[in-house]
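Structure, as structure tokens:
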Amino acid sequence: MLGFPRSELQIMEVQGSEYLPLLIQLVFAFGFVAMVLIITHLIGPKRKSAKKLESFECGIESQGNARLPFSIKYFLTAILFVLFDVEVIFFYPWATNFREFGLQGFIAMFIFVALFLLGFLYLFRKKAFTWD
Amino acid sequence: MNPIAFLILSVLTISSALMVVFSKNPIYSVLWLIICFFSITGHYILLDAHFLAVVNLIVYAGAIMVLFLFVIMLLNLNKETEPHKPMILKAAAVLSGCLLMIVLAASLQGYAQQPPAIITEEFGTAKGVGKVLFTDFLLPFEVASILFITAIVGSVILGKKHVND
């Protein structure tokens with residue numbers, strides 16, 4: 001078996017080793033990105049001047065400073081995203097046990113989602129989703 | 001628990017946490033904090049808390065860090081110098097930090113002697129967490145949604161221009 005002595009195989013089988021495929025995938029993903037970055041740096045021509053780099057800014061001639069404080073409206077959208085993101089996470093432990101829980105689990109989740117919908121309605125009434 | 005993995009993760013966690021504090025540029029602080037959260041996810045995996053590990057990755061490293069970046073960009077970063085805090089404030093911060101450390105060490109003292117918990121096959125997975133969450137901790141789970149409503153209302157009140165209706 002791949003030339004591993006028996007004991008070494010047993011060490012690899014300890015707890016946490018089910019994450020090995022995930023680790024390989026992560027290493028591959030990071031390795032691919034790093035490799036592409038290094039290769040493009042090596043083989044690409046480099047002529048860095050303000051005029052050349054300006055077109056990467058946004059295509060339009062840049063004006064002023066990039067460090068401008070922006071509107072809080074974006075933040076409201078972001079924080080609402082996080083709240084509903086956390087709501088969705090509670091669905092995973094519920095969905096994996098859906099059959100075992102039966103009606104009781106369904107009612108429990110119904111109350112949870114109903115309260116969330118209340119908040120959602122509140123957001124609509126307060127026009128949190130309109131961009132004024 | 002694998003002691004080598006634990007050691008590597010602990011070094012990574014503490015050093016990235018220190019870099020969060022010592023970085024001059026707040027954006028770099030946030031980037032170090034992402035590494036810190038990733039290594040904490042590794043700790044969760046070592047502790048067999050698989051579901052919590054994924055949640056930590058999605059919510060903290062994914063969503064909360066975006067909010068942190070937002071907050072930093074909402075601040076005015078054009079100012080080069082940070083105002084220096086007076087010496088007495090720094091001393092107070094060090095003192096309160098040490099006091100917190102003592103309280104934490106004292107409250108966790110008894111745990112070292114206790115036998116480790118018995119871990120079942122589905123401990124820490126989404127299925128295992130769900131079984132506990134929807135039976136023993138059903139009320140806290142429902143109350144959490146009320147907490148979410150307060151968060152929604154709070155964010156609207158703070159972040160939305162009041163509309164006269």
Side-chain angles (χ1 to χ4, degrees), chain A residues 11 14-19 22-23 26 65-98 100-101 104-105 107-109 111-123 125-128 130 132, chain B residues 1-2 5 38 42 45-48 50-51 53-55 58-59 62-64 66-67 69-71 73-79 119 122 125-135 138-139 141-163 165:
Chain A
I11 289 165
V14 292
Q15 159 274 323
S17 59
E18 63 264 46
Y19 284 94
L22 201 67
L23 195 73
L26 269 179
N65 196 326
R67 305 277 169 278
L68 280 174
F70 59 86
S71 173
I72 191 112
K73 283 187 282 184
Y74 296 98
F75 187 71
L76 185 64
T77 311
I79 204 157
L80 291 178
F81 160 71
V82 172
L83 285 172
F84 286 98
D85 193 31
V86 173
E87 186 211 357
V88 168
I89 278 171
F90 280 107
F91 279 96
Y92 290 106
W94 176 69
T96 45
N97 288 306
F98 185 72
E100 286 97 316
F101 285 156
Q104 195 235 329
I107 291 166
M109 201 43 154
I111 296 167
F112 183 76
V113 175
L115 284 167
F116 247 96
L117 270 179
L118 218 65
F120 195 64
L121 277 177
Y122 172 83
L123 287 174
R125 281 297 301 269
K126 282 285 170 188
K127 298 188 177 69
T130 53
D132 45 22
Chain B
M1 187 149 56
N2 194 339
F38 265 85
I45 291 170
L46 282 185
L47 289 169
D48 260 330
H50 308 281
F51 181 66
V54 176
V55 168
I58 295 171
V59 174
I64 300 280
V66 176
L67 286 188
L69 277 176
F70 261 73
V71 169
M73 286 171 175
L74 283 169
L75 303 171
N76 192 3
L77 287 182
N78 287 329
K79 277 180 292 179
I119 288 174
E122 57 180 22
T125 58
K127 204 174 172 69
V129 168
K131 273 189 186 141
V132 180
L133 187 67
F134 284 88
T135 50
L138 189 59
L139 185 66
F141 168 69
E142 302 290 1
V143 171
S145 66
I146 295 168
L147 187 70
F148 279 120
I149 289 184
T150 55
I152 289 171
V153 172
S155 62
V156 168
I157 284 170
L158 288 175
K160 186 80 184 161
K161 217 190 299 170
H162 291 285
V163 191
D165 50 355

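Lettering follows sequence order; numbering is per chain, from 1.
- Other residues, nucleotides and ligands contribute at most 12 non-hydrogen atoms within 6.0 Å of the CZ atom of B:Phe38.
- Heavy atoms closer than 4.5 Å to chain B are found in the side chain of A:Phe81, but not in its backbone.
- When each of A:Tyr122, A:Phe84, A:Tyr74 is scored by its heavy-atom pairs under 4.5 Å with chain B, the top score falls to A:Tyr122.
- For chain B, the nearby parts of A:Phe75 are the backbone and the side chain; heavy atoms of each come within less than 4.5 Å.
- The parts of B:Phe134 that come within reach of chain A are both its backbone and its side chain, each placing non-hydrogen atoms under 4.5 angstrom from that chain.
- Residue with the most contacts toward chain B among A:Tyr92, A:Phe120, A:Phe101: A:Phe101 (heavy-atom pairs, distance under 4.5 Å).
- A:Leu118 touches chain B through its side chain: at least one heavy atom from C-beta onward sits under 4.5 Å away, while N, CA, C and O do not.
- Considering all non-hydrogen atoms of both residues, B:Ser155 and A:Leu76 come closest at O-CD1, 3.2 Å.
- Of all heavy-atom pairs between A:Pro93 and B:Gly130, the closest is CB-CA, 3.4 Å.
- The contact between A:Leu80 and chain B is made entirely by side chain atoms (from C-beta outward), counting heavy-atom distances below 4.5 Å.
- The aromatic rings of A:Phe112 and B:Phe148 sit perpendicular to each other, their planes meeting at more than 60°, with 30° as the lower class boundary.
- Both the backbone and the side chain of A:Thr130 come within contact range of chain B, judged by heavy atoms closer than 4.5 Å.
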Query raised in the report: For B:Phe51 and A:Ile89, what are the C-alpha separation, side-chain angles and deciding distance, and is it a side chain to side chain contact (heavy atoms under 4.5 Å, CB included)?
Result: CA-CA 10 Å; B:Phe51 181 66; A:Ile89 278 171; 4.0 Å; yes

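- B:Glu142 and A:Leu115 get closest at one heavy-atom pair: O-CD1, 4.1 Å.
- Closest approach of B:Lys127 to A:Asn97, counting heavy atoms only: O-ND2, 2.9 Å.
- Checked against the 6.0 Å centroid criterion, the rings of B:Phe141 and A:Phe90 qualify as a close aromatic pair.
- Atom CD of A:Gln104 has 12 or fewer heavy atoms from other residues, nucleotides or ligands within 6.0 Å.
- Both the backbone and the side chain of B:Ile152 have a heavy atom closer than 4.5 Å to some heavy atom of chain A.
- Contact annotation for B:Leu67: both backbone and side-chain heavy atoms come within less than 4.5 Å of a heavy atom of chain A.
- Looking at B:Val54, there are no atoms closer than 4.5 Å to chain A (heavy atoms on both sides), in backbone or side chain.
- By number of non-hydrogen pairs under 4.5 angstrom with chain A, the leading residue of B:Ala126, B:Gly159, B:Gly128 is B:Ala126.
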